[in-house]
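Single-structure report; data block below.
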Amino acid sequence: MSEVVLSCQGLVKRFGGITATNNVTLDLKRGARHALIGPNGAGKTTLINLLTGVLDATEGRITLEGQDITGLAPHQRVRRGMVRTFQINQLFASMTPLETLALVVSQHRGHGARWWSPLGKDAGVAERAQQLLEQFHLAEVANQRTEHLAYGKRRLLEIAIALASDPRVLLLDEPVAGVPAGEREELLQTVAALPADVSVLLIEHDMDLVFSFAKRMTVLVNGTVLTEGTPEEIAANPEVKAVYLGHGDEINEAVQAGERAHG
Amino acid sequence: MIPAQTNLLRNARMKPWEPVVWLLLFAAPTLFPSHAAIVNEVAIVGLFAVSLDLVLGYTGIVSLGHAAFFGMGAYTAALFCKHVMPDPHLGLLAGIATATVLGFLASFTILRGTDLTRLMVTLGIALILFELANKLDWLTGGMDGIQGLMFSPVLGKFEFDLAGRTAAYYSLTVLLLVFLLARRIVHSPFGATLKAIRDNRLRAMAIGIPVHSRLVAVYTVAAAMAGAAGALFTQTSGFASIDVFEFHRSADVMLMVVIGGVGWLYGGVLGAVVFKLMQDFLSQITPQYWTFWLGLFLVVLVLVGRDRLLKPWTWFRRGQA
Amino acid sequence: MAELLKVEKLSAGYGEAVVLHDISFALPEGQTLALLGRNGTGKTTLINTLAGATRQHGGTISLAGAALHKLASHQRAAAGIGWVPQERNIFKSLTVHENLTAVQRAGRWTPERVYEMFPRLAERKGNLGTQLSGGEQQMLAMGRALVVNPRLLLLDEPLEGLAPIIVSELLKAISRITREEGLSAIIVEQHPQAILAISDQAIVLDHGTIVHADSAATLRRSPELLDRLLGVAR
Amino acid sequence: QSAPFKIGLILPMTGQQATTGRQIEAAARLWIAQNGDTVAGRKVQLIVKDDTSVPDVTRRVAQELIVNEKVDVLAGFGITPSALAVAPMATQSKTPLVVMAAATSSITEASPYVVRTSFTLPQAAVAMADWAPKNGIKTVVTLVTDYGPGLDAEKFFKSRFEFNGGKVPETLRVPLRNPDFAPFLQKVRDIKPDALFVFVPSGAGAAVMKQFGERGMDKAGIKLIGTGDVTDDDQLNDMGDVALGVVTSHHYSAYHPSPANKKFVAEFQKANKGLRPNFMAVGGYDGMRVIYEALKKTGGKGGGDALLAGMKGQIFESPRGPVFIDAQTRDVVHNIYLRKVEKKDGQLHNVEFDVLKDVKDPGKTK
Amino acid sequence: MLTILFDGIAYGMLLFVLAVGLAVTMGLMNFINLAHGAFAMAGGYITVLLMQRLDVPFLLSLPAAFIGAALLGAVLERTLYRPLYRRAHLDQVLFSIGLVFMSVSAVDYYVGSTQQIMQLPQWLKGRTEIGSLGMGHYRLFIIAVCAALTLGLQYILAKTRFGSRLRASVDDQRVAAGMGINVNVVFLSTFAFGSGLAGLGGALGAEVLGLDPSFPLKFMIYFLIVVAVGGTSSITGPLLAALLLGIADVAGKYYIPQMGAFIVYALMIVILLWKPHGLFVRQGGKA
Ligand SMILES: Nc1ncnc2c1ncn2[C@@H]1O[C@H](COP(=O)(O)OP(=O)(O)OP(=O)(O)O)[C@@H](O)[C@H]1O
Ligand SMILES: Nc1ncnc2c1ncn2[C@@H]1O[C@H](COP(=O)(O)OP(=O)(O)OP(=O)(O)O)[C@@H](O)[C@H]1O
Ligand SMILES: [Mg+2]
Ligand SMILES: [Mg+2]
């Protein structure tokens, strides 16, 4: 089970004078639990945008299941099983969570172009939507308009949408930001518990979560891959410490400084 | 049936008041025979408005050039009558067909850009068609249009009468059929993908919706409906005049949809009823200055909101902070 | 030490709904207050009320003796309030630099000083608000609050989405600024430990009222109390 | 007491053609004020409707007037398409339709019930084409608005002018929606004809004239000629000195020196805050006369065919001069005057200096 | 040839003054104000009536038109427009069209529906010929006024903080206020200024374009074309768009008169399909 599912070679993205992604080569193996970390503005979100086709790459190639998908439109990549979440919620404001999920499920099952029968006609679709609602604690707000939901619930819906299309490859961009502290672990456990052949790429700044989730990590700095390895290797890497993790004692330094000052 | 499915299907079910609305509409030409002409006009613009609502309300695409399709339907029906045969049914189909083709071609111009660009591009297309209809006067009769058309009876039986009863029932029937079709579309998975595109195009792509082909599809369907409205216009009035392509036609229909409320098929019909009746009523009272009162109505409507319009005592209550 | 902020019997909310009830506390000049509480308990509402962005129903707020609650939102900035809203709310059609200059007031903090503190922003000076990464937006929101040259900083979850190394540097910077420049700050955070470390006082909200007020140090040293109040012990 | 005799007056009362409606309504009301509202024992009732210059609205309004109000006569009609849209209904319901403004030649052919009291553009254009070559104008560029009446004017002017030995090196058509005449006028200036023949809807005339002057075309030796729409009496006085000396051909001038006209103008102005009546007004005024006389002839009975018969062949003295409703074509036959803009009593007027008598519509082929 | 270019520039400049206020309210304030033409009409009528009835000199009546329209704008902003900033665009369309209808009827009622014609002072009526280039003095005057205006506007938006404070207020009223920007004053003054510009444009344009109550409806399309083609994020965009359209229109009608009305529409469609965000977008590209 170690063949490469998603891979990119020599990916470059320039915005005017800024090179946000600089010659990135990355392989995601089948069943991977892979984390992508790096300083703010390192190009993590941009990389996801390139992989999913939201942005067009300036240079480079992307392959999914061995096929070149560089030129494909976003929705075509989704049809091949690659699904993402967004760092900033992207929801359907006027729909209810139930409608949203039913729509995603029916689109995923190839009913998106059906115009003659109502959305709820297919019992299988409704069932799957209901199951997702329960799994993501959204059942009690299932029939409220999404724009009226509390932030935490919206965040959950954001992730539920991604899982509703049964992804083969899942790209998560800071999925738990804004989720209540207590629910974060549970959420990532849901993700971790996906079938073993689903590959996951996670971006996250909460290191406790990252290290408990990832089997492999890639560090991105200034648009370039700095290093890749197991969590242990990354944690021990001095360069990573210098640019990203810090030495873990800054807070204490700050505290001491503060205590000194306030006596 | 699991509750989720019941909930999903609830929206698509016919509400008890819906048949009542249609019964009233269909009773109108008989109850008020002297107003059959205006019923006919309402039915036609209502159909036109439903077509616009499909793109504007359900898909979020602004179009200020919807008259292009209306006009296409109108002229096709006229030319069909003049040069092919006076049968209204086939003429209607012909009008729908050409409008569909035009809509399909035009749909490629609305795929990209902002609301403002789409507004202007669609408007530009209608204006160019207007100029074309003016220039090609050997075909279209130029500024004077195509006049004095005589259509054969509807269903081979009902002559178009002077009072406009046949016309009213003919238009109402077509409106009903198209409305039922539109209703089906908006409650289907296809309709849901349209709403998704309207709400958040980025996310719609990210769940695998082929945004462009959806837009092309819905724009083409809407154009076909507008073409039907245009063909009815020609057939019930006996002429096609160049102003079917005019800016004010596109603008009026947009006003109607917004007055009635977007993203709600009845909004178009309601807006058409309100707008036309108000226009008719006001211009009877003051043929010179009725636009002032119509304008005032629009301003008040927006300022107090649709829901409070009929409750004047709430108008001056302060809005919340 | 002179009292900078004094809040008495404050109640506020959105529209007719009252979210905060009977809030009273005081904050001396140069001190930092950690504002804690579970999700949806009213932390953001309190911060926004101080900034003048909610509907106040009762009570008084005074800043350095002046009645803040009588001022319109835009006058509060002049009176000395600097605000980092929870959702960042970067002005999306302004560049990074314009985001700073549009709101700048005379004082020690200038855009240049902000760029020194966040070199990343200096590199992205010309980017529009929408063209920043999540973390960069967070930095900009912080910088934007600083160039108003306030006496009181209101920071609503300022660390969310920042890389660990920036988090620690920012914490250091906040504690340095309050110490050296006599600025006061109110900080909301999901992770109490980090923030308690640099705070002097702490209050805990639940259902829109203060359920606990204490010195930060005490609270930090009693994990079981924290756990009871917040449901998290980390 | 028999039911009132109803005249449905359908006019553009709003929008760009509103002045047309205003003039005609005022003239119709003046007629009633002068001649009473009872004819042969029958009370006359005027129902004014706004058609916003949109043909399908015109048609619906006419339909309602016929079906609900049971009007005896339809009248008004500001633009040709509106008149054409109603013509079949006039035939179907046997209701006489009196055209008081629209001027395309073909309208009277659209229904045997159409009677016109305004004028036809070919009448005015041809008169000019006859006058010009006799007065030293050998080459003319035409400039018309690109719609029915404009094309009529261009066609009849050009063919008659060329028949008379003149040359038309260029025919320019201005789009209906056209804010700036500069390019067209510059083109004319570069061609340097003896004269520029203009037809634009009244309203745009002032702009053409001003830009004509501004461009120094008069100084370059180009004359401005046209049909009377360009120097519409309604606005002439505001146009200022640029209008001086412009020669036009038309059937009516408010300065027409006849007692009938003097009285008409004076009373019109008195009733309308000093507004000067223009050729639209006289069309409305005469239209009312034609209806009244026809009603008289039927002894107050009315009835579509009887009224129509009564309208055909009427001859009378109008403020514009002698008028004859041709029984064959149901179109108006009247004098076309050549006028020059001059200052009289401190006001600008179209002063008539020549006349072509009893001009029939040259547009009628039959 | 040169004369055509000159006429095109003058015409374009006129379109620019008329539309620039709309570029400000629509582009910067994100408010779809279709009633823009009504303010232009107000300016035009102020000028014409002042000149006709009170014999005010032309040069004095121009600032009067600006101030009058600006005051009108300010009053309407306070009373009617303010609650609508945060409403859906379609509601704004409905509302502002309603205002247009009202203004058209009101002017018709008080002044009448005839074309208003104004008499320029003698020194603006002449024409200067330099070789093959003929320049109408009034058109020269328009060009001069517009150039001065453009420079002034450019200065205000680029060199002062007003521009960025305005855009900040539009982006997020609540937070802008929290950062110390007096949002109400910013909006009020911008709106009044935009209306004043429209008024000035109406006053300048009355001579060339004509003036009657249907003015706001007749020219709405032209304003929108300028703003759409120019993009809504700067002043230079609409300026260049207006010039381009002006020149293309005049030259097109001169060289291929048969194509008359098509040229402008076709040009607009082509440009918008090629650059859907208008010719000039704020740096940074895609949004
Ligand atoms: N449209 C754009 N135009 C110009 N620069 C951009 C654009 N979008 C992103 N950038 C820049 O590209 C860089 C990479 O951004 P990206 O959002 O990928 O960072 P990130 O790694 O996700 O950071 P964070 O952890 O803060 O979310 C940033 O410096 C950002 O300013
Ligand atoms: N705009 C609003 N309108 C109405 N109610 C609101 C609004 N914003 C927040 N609330 C309600 O006010 C209460 C307090 O919300 P607030 O945002 O202050 O919580 P918080 O403590 O900041 O939570 P979080 O940790 O999620 O940021 C919640 O119940 C919320 O539903
Ligand atoms: Mg990111
Ligand atoms: Mg909060």
Side-chain angles (χ1 to χ4, degrees), chain B residues 32-42 44-45 74 127 130-131 134-135 137 141-150 159-165 167 230 233-234 236-244 246-249 252 276 279-280 282-292 294, chain D residues 9-15 18 21-22 25 47-70 79-89 91-95 102 104 106-107 109-111 145-152 173 175-177:
Chain B
F32 312 100
S34 59
H35 294 291
I38 191 122
V39 174
N40 176 49
E41 212 172 299
V42 165
I44 292 174
V45 292
L127 289 175
F130 175 90
E131 294 296 339
N134 186 22
K135 284 273 178 210
D137 49 3
M143 220 12 107
D144 294 344
I146 303 170
Q147 305 279 354
L149 301 167
M150 297 306 283
E159 289 277 356
F160 285 104
D161 55 331
L162 192 60
R165 284 250 316 254
F233 169 91
T234 298
T236 57
S237 65
F239 66 86
S241 58
I242 191 157
D243 72 288
V244 289
E246 269 270 26
F247 171 65
H248 72 79
R249 247 178 235 283
D252 283 357
K276 278 285 163 196
Q279 193 173 339
D280 195 48
L282 290 175
S283 67
Q284 303 227 351
I285 300 179
T286 156
Q288 270 185 41
Y289 303 114
W290 60 272
T291 48
F292 181 86
L294 184 67
Chain D
L9 192 58
I10 307 178
L11 291 168
M13 303 299 291
T14 53
R22 228 50 74 75
E25 188 194 352
I47 306 172
V48 180
K49 294 273 182 183
D50 178 20
D51 71 2
T52 65
S53 296
V54 177
D56 60 295
V57 177
T58 320
R59 190 191 130 96
R60 178 178 45 83
V61 168
Q63 188 168 3
E64 285 174 354
L65 284 173
I66 294 172
V67 175
N68 303 346
E69 301 282 352
K70 313 246 171 342
I79 58 169
T80 304
S82 287
L84 291 177
V86 178
M89 294 176 72
T91 317
Q92 207 175 348
S93 64
K94 301 193 190 316
T95 312
T104 311
S106 60
I107 297 175
E109 288 160 14
S111 159
T145 297
D146 193 1
Y147 75 131
L151 302 187
D152 256 10
R173 295 178 185 178
L176 257 185
R177 225 191 297 272

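Below, chain A is the first sequence line, B the second, and so on; all start at residue 1. This structure is a prediction, so every number in the text was calculated from the model and none was measured.
The parts of I38(B) that come within reach of chain D are both its backbone and its side chain, each placing non-hydrogen atoms under 4.5 angstrom from that chain. Looking at D146(D), the atoms closer than 4.5 Å to chain B (heavy atoms on both sides) sit in the backbone and in the side chain alike. When heavy atoms are compared at a cutoff of 4.5 Å, Q288(B) approaches chain D by way of both its backbone and its side chain. At a 4.5 Å heavy-atom cutoff, the contact between D144(B) and chain D is made by backbone and side-chain atoms alike. Heavy atoms closer than 4.5 Å to chain B are found in the side chain of T52(D), but not in its backbone. Interface remark: P88(D) contributes side-chain atoms only to the contact with chain B (heavy atom separation under 4.5 Å). Neither the backbone nor the side chain of I79(D) has a heavy atom closer than 4.5 Å to any heavy atom of chain B. Only the side chain of R22(D) has a heavy atom closer than 4.5 Å to any heavy atom of chain B. Of the atoms belonging to T91(D), not a single heavy atom falls under 4.5 Å from chain B. Contact of I47(D) with chain B is not made at all, since no heavy-atom distance falls under 4.5 Å. Both the backbone and the side chain of A85(D) come within contact range of chain B, each with at least one heavy atom under 4.5 Å from a heavy atom of that chain.
Between L127(B) atom CG and F247(B) atom CZ the span is 8.0 Å, to the nearest 0.5 Å. Atom CG of L294(B) is separated from atom OG of S283(B) by 10.0 Å, given to the nearest 0.5 angstrom. With rounding to the nearest 0.5 Å, the separation of CH2 in W290(B) from CD in Q284(B) is 12.0 Å. Rounding to the nearest 0.5 Å places OH of Y147(D) at 8.0 Å from OG1 of T104(D). Considering CD of E41(B) and CD of Q63(D), their distance stands at 9.5 Å, rounded to 0.5 Å.
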side-chain contact (heavy atoms from CB on, under 4.5 Å) assessment of I146(B) paired with T234(B):
CA-CA 9 Å; I146(B) 303 170; T234(B) 298; over 6 Å; no
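Judged by the 6.0 Å distance and 45° axis criteria, R249(B) is positioned over the aromatic ring of F233(B).
With respect to chain D, the highest number of heavy-atom pairs below 4.5 Å among D137(B), I242(B), T291(B), D280(B) belongs to D280(B). Contact count versus chain B (heavy atoms, under 4.5 Å) is highest, among L84(D), V67(D), I66(D), for L84(D). Among Q92(D), M89(D), R173(D), the residue making the largest number of heavy-atom pairs under 4.5 Å with chain B is Q92(D).
For the residue pair D50(D) and T14(D), a side-chain donor N or O sits within less than 3.5 Å of a side-chain acceptor on the partner. Checking T236(B) against N40(B) by side-chain atom types alone, a donor-acceptor pair falls below 3.5 Å.
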